[in-house]
There are 2 protein chains.
Amino acid sequence: MSVKQKKRGRPAGSSKALSKLIILQQAKNLLAEQGKIPTLRALAAELNVDPMALYHYFANKAALLEAVTVSLLEAIYQPNPEGQWQAEVRQLCHSYLELLSRYPGLLETMLKMSTDGPAQVFIARLEQALTPLALAKVEFEPLRDLLADYLHGVALAMQCNPGGIPVGCVDAPLDLIFRGLTSR
Amino acid sequence: MSVKQKKRGRPAGSSKALSKLIILQQAKNLLAEQGKIPTLRALAAELNVDPMALYHYFANKAALLEAVTVSLLEAIYQPNPEGQWQAEVRQLCHSYLELLSRYPGLLETMLKMSTDGPAQVFIARLEQALTPLALAKVEFEPLRDLLADYLHGVALAMQCNPGGIPVGCVDAPLDLIFRGLTSR
DNA sequence: GAATTAAATCTACACTGTAGAATTTTAATT
DNA sequence: AATTAAAATTCTACAGTGTAGATTTAATTC
């Protein structure tokens with residue numbers, strides 16, 4: 001009887017073993033704990049469930065990771081539109097980077113997603129932070145692209161070099177960007 | 001005799017089937033053709049050789065990819081230190097991006113490498129292009145970090161969204177950076 | 001000529017995502 | 001109440017991945 005064989009089929013009573021929420025929560029835990037995307041088998045083991053059970057809730061692994069990404073990205077810093085814009089942007093960037101580095105794989109998942117919803121979250125928050133500047137579209141867009149891609153590059157470096165790069169590394173480059181912005 | 005069984009053991013005469021160079025060349029071809037890192041089996045098949053033969057020349061797949069990376073990065077644009085620095089930097093960035101997007105996987109391989117030789121190539125060329133500005137160290141370093149990580153972010157976006165992003169997308173953000181640089 | 005090294009193949013393993021079928025329970029329909 | 005359908009789960013199995021280890025053959029060295 002070495003390995004306990006679990007009973008097959010739908011569980012009795014109202015004791016559903018799983019739910020999207022539970023799966024996502026555990027996936028986030030493992031992602032943060034192990035610093036890398038868990039395998040479906042590892043995730044299922046943690047949930048005490050057969051790996052294939054996950055497919056009842058998500059079409060495939062990519063869909064699961066996208067759901068994790070959407071859910072996590074809501075948590076980035078919400079800037080105060082009436083604050084000091086430079087400090088607000090800085091805090092937003094730090095928050096974004098902390099998230100992307102605490103949950104490796106988020107970045108690639110986000111960039112590969114068909115819906116750009118998650119990517120828009122950062123951009124929307126950036127607009128909030130920059131409200132005081134009242135930038136025109138042609139001024140805002142290059143800044144947005146520069147900032148987003150720069151942070152993605154830093155996040156990628158962080159996740160290729162775990163623990164070796166602090167989020168503060170963006171401060172001097174951010175100053176450089178700000179300088180180009182204030183000297184219009 | 002459906003499948004032809006190749007003769008085992010060291011080949012006769014001076015007809016060595018493989019060499020580091022041949023492997024690297026074919027790896028680059030497949031990388032560019034298929035737009036993704038080939039499997040060792042695919043690479044070996046293209047070379048008409050057993051997959052394990054590759055391990056005679058490289059310790060593992062990562063080592064092979066690192067060799068590809070080192071070899072390819074030499075090819076980026078060599079700026080003229082006496083040219084117009086803005087145009088030189090722009091051309092360097094375009095060249096760097098074209099390389100990173102033509103050979104997906106290069107970026108991650110480079111960032112994960114222990115030796116930072118390959119990453120230094122871009123930085124050295126950037127210094128060349130910026131010679132006319134005679135920047136102090138404290139001015140150069142933020143610029144270097146900003147530019148490198150920004151380009152890596154763009155390259156990542158390109159490789160997550162194949163064919164959808166032209167290298168020219170960096171032009172406006174580059175102008176923004178240049179502005180912060182000329183207004184010292 | 002014997003021993004060593006070089007260059008290759010073969011076999012086999014653990015790990016991955018996941019397709020497809022079987023099983024058990026609950027809900028819906030007749 | 002009986003039947004049918006749907007939901008929630010497990011089991012089995014497969015193809016694809018990198019690669020460890022043993023084996024084979026030929027060239028080189030002593």
Side-chain angles (χ1 to χ4, degrees), chain A residues 1-24 26-27 30-31 34-69 104-105 108-109 112, chain B residues 1-27 30-31 34-69 104-105 108-109 112-113:
Chain A
M1 62 128 263
S2 50
V3 180
K4 56 176 164 188
Q5 195 98 325
K6 284 188 69 171
K7 197 162 101 186
R8 274 172 88 154
R10 178 170 178 164
S14 54
S15 70
K16 223 170 48 158
L18 285 179
S19 77
K20 274 199 179 196
L21 259 174
I22 292 179
I23 296 174
L24 290 179
Q26 190 62 256
L30 289 178
L31 195 50
Q34 310 187 160
K36 60 182 182 191
I37 296 177
T39 67
L40 291 181
R41 283 173 171 86
L43 176 55
E46 211 67 25
L47 292 164
N48 250 301
V49 111
D50 185 274
M52 292 310 292
L54 305 176
Y55 282 84
H56 187 69
Y57 297 89
F58 298 95
N60 48 43
K61 190 174 187 180
L64 196 165
L65 290 178
E66 291 188 7
V68 168
T69 300
E108 274 98 331
T109 303
K112 271 194 275 238
Chain B
M1 62 131 273
S2 50
V3 180
K4 58 177 165 188
Q5 193 97 324
K6 284 187 68 169
K7 198 164 100 188
R8 274 171 85 154
R10 179 172 181 164
S14 53
S15 68
K16 222 172 46 159
L18 286 179
S19 77
K20 275 199 178 194
L21 260 174
I22 292 179
I23 295 175
L24 289 180
Q25 189 52 55
Q26 189 63 256
L30 288 179
L31 195 49
Q34 310 188 159
K36 60 181 181 189
I37 296 176
T39 67
L40 291 181
R41 284 173 170 86
L43 176 54
E46 210 66 25
L47 293 164
N48 249 301
V49 112
D50 185 274
M52 291 310 290
L54 304 175
Y55 281 83
H56 188 69
Y57 296 90
F58 298 95
N60 48 45
K61 190 174 187 180
L64 196 164
L65 290 178
E66 291 188 7
V68 167
T69 300
E108 274 99 331
T109 303
K112 273 194 275 239
M113 285 178 68

>> Need to verify one output field. Residue with the more 5' nearest nucleotide on DNA chain C, A/T39 or A/A59?
In response: A/T39
>> Which heavy atom of A/I37 sits nearest to which heavy atom of A/P104, and what is that distance?
In response: CG1-O, 3.7 Å
>> Rounded to whole Å, how long is the line connecting atom CG of B/N60 with atom P of D/dT17?
In response: 17 Å
> When rounded to the nearest 0.5 angstrom, what distance separates NZ in B/K36 from CG in B/L30?
Replying inline: 11.0 Å
>> Using whole Å, what does the distance between atom P of nucleotide D/dG18 and atom CG of B/D50 come to?
In response: 13 Å
> Within less than 4.0 Å of OP1 or OP2 of D/dA26, is there a side-chain N or O belonging to B/K7?
Replying inline: yes
>> What is the distance, to the nearest angstrom, from the NZ atom on A/K20 to the P atom on D/dA8?
In response: 12 Å
>> If you only use heavy atoms from C-beta on, which nucleotide in C/dT16, C/dT18, D/dT19 is closest to the side chain of A/Y55?
In response: C/dT18
> A/M52 side chain: which of D/dT9, C/dA19, D/dG18 is closest?
Replying inline: C/dA19
> B/R8 CZ to D/dA22 C1': how many Å, rounded?
Replying inline: 8 Å
> Nearest to the side chain of A/R10 - D/dT10, C/dG17, D/dA6?
Replying inline: D/dA6
> Atom CG of B/L54 to atom P of D/dT19: distance rounded to whole Å?
Replying inline: 11 Å
>> Under 4.0 Å, counting only non-hydrogen atoms across every strand here, what does B/A53 touch: a base, just sugar-phosphate, or nothing?
In response: base
> So which nucleotide from D/dG18, C/dG17, C/dT5 ends up closest to the side chain of A/R41?
Replying inline: C/dG17
> Taking all non-hydrogen atoms of both residues, which atom of A/M52 and which atom of A/D50 are closest, and how far apart?
Replying inline: N-OD1, 2.8 Å
> Rounded to whole angstrom units, what separation is found between the CG atom of A/L43 and the C1' atom of C/dT16?
Replying inline: 14 Å
> In whole angstroms, how far is the C1' atom of C/dT16 from the CG atom of B/L40?
Replying inline: 16 Å
> Considering heavy-atom distances to DNA chain D, does B/A12 or A/S19 have its closest nucleotide positioned more toward the 5' end?
Replying inline: A/S19
>> Measure NZ/A/K61 against C1'/C/dT18 and give the value in whole Å, please.
In response: 12 Å
> Atom OG1 in A/T69, atom NZ in A/K112: separation rounded to 0.5 Å?
Replying inline: 11.0 Å
> Which nucleotide in the set C/dG17, D/dT19, D/dT9 lies at the smallest distance from any side-chain heavy atom of A/Y57?
Replying inline: D/dT9
> Side-chain N or O of B/H56 less than 4.0 angstrom from OP1 or OP2 on C/dA7?
Replying inline: yes
>> Minimum heavy-atom separation for B/K20 and B/Y57, please, with both atom names.
In response: CE-O, 3.2 Å
